[in-house]
Amino acid sequence: MRPVVDLLAELIAIPSVNPMGRAAGDAATSEARLVTWLLAFFADLGLPAERVAVGADRANVIARLGDDPTRPTILWDVHLDTVPADGMAEPFTPRIADGRITGRGACDVKGAMAAMLWALQRVVHDGTPPRVNLVFSASSDEEATATGVHALVECWGRARGSSRLLDRPPDGAIVAEPTDLQVVVAHRGVTRFRIVTHGRACHSSTPDLGVNAIYRMARVVTQLEALAARLGEQIAPHPLCGGATLSVGCITGGTSVNIVPDQCAIEIDRRLVPGEDPAQARAAICALVGAAADGEVCCEPPWLEAPGLRDDANGWLAERLLALHASDDPAAPRRAIGVPYGTNAATISCAGVPAVVFGPGSIAQAHTTDEYITIASLERGAEIYRRFLVE
Ligand SMILES: [Zn+2]
């Protein structure tokens, strides 16, 4: 039995940095070593585990505890990857001091991974019969394009048979993210894409001979600003996670001051309330900007698109976690919450499996150069995961 703190220290020391669109770098920063480590961990524990391919060169790890048809089957999902470690002195050397463990991934989300592994290990060692069948999934690529969770839900969808340990939809799912041990039942979705206007280049001394793509984009941006202001009236906000939003975050265009630009591009971030269809939200924006730019505009495919997490079917899972937490901690939260960030839970929920988000550590420390988790939160999370399995 390894203590949860030791498990987390080991996980931090295995870099699994997501290249986030940059050059993938050396193998030491990929997820592959963590995949190998997890397969060895489950082999040691005597639990069946397997690698499920995600695209050509990545993988999810699926493991399983129990296969009793009279019990519900619950999925635990936790992502393998971390954000890059730029600006951190020793990101992969875990430091344990002042009741904290510091290092890249400590809270997002290797802390919760260690807590889940500890709970499984403890239940196997104790020989306590679990009350649920548990499928554990360590999913690839959450921080960039979420290909791992898409491969995961395909295990009971179009790619049925790709995992022998997960060939039917589970009854519910807990997705690990640093929620500070709050139970998250709703969050917003997102679509991010580029819009490009086209024009005709010419010398800037005779601009009337060309068509200025930046002027076209200016009309597009004005329309988007007006749309952003109207969204709150058009789409009812969600009581737990707020309203739909739209933001233009980047603009690039032109090559030189003496050339009328033939191209200008912007990047859009549109946040969706739970239940909104991302493709429809994107189509509405594209229709609006088409008119503003005389049709000389193109909406590129999104590089990130995910629905929000709906709270209409996951109440029973939330109740269970809240009850476990409250049974021996009077300060435990009494009510589930919504959050402003996205998670794998939305994709799992859209694939027909009620999902909540729950884990130790605080989102305030995620993606920072001083990423840490408190040992108290880590140990408490591990114990709640354990009790979820056996009580
Ligand atoms: Zn995360």
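In listed order, ligands and their atoms are each counted from 1. Since we're looking at a predicted model, the values are computed, not measured.
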Kindly confirm whether the Zn ion (ligand 1) is within less than 2.8 Å of some N/O/S atom in Asp108?
-> yes
Does Glu143 bring an N, O or S atom to within less than 2.8 Å of the Zn ion (ligand 1)?
-> no
Glu233 and Arg230 ion-paired at < 4.0 Å = no
Heavy atoms, side chains only, cut-off 4.5 Å: are Asn133 and Ile74 in contact?
-> no
Are side-chain heavy atoms of Leu304 and Thr145 found at a separation under 4.5 Å?
-> no
Please assess Trp76 against Val175 for the test side chain to side chain contact (heavy atoms under 4.5 Å, CB included), listing each intermediate value before the final yes or no.
-> CA-CA 6 Å; Trp76 283 356; Val175 172; over 6 Å; no
What's the atom name of the N, O or S in Glu177 nearest to the Zn ion (ligand 1)?
-> OE1
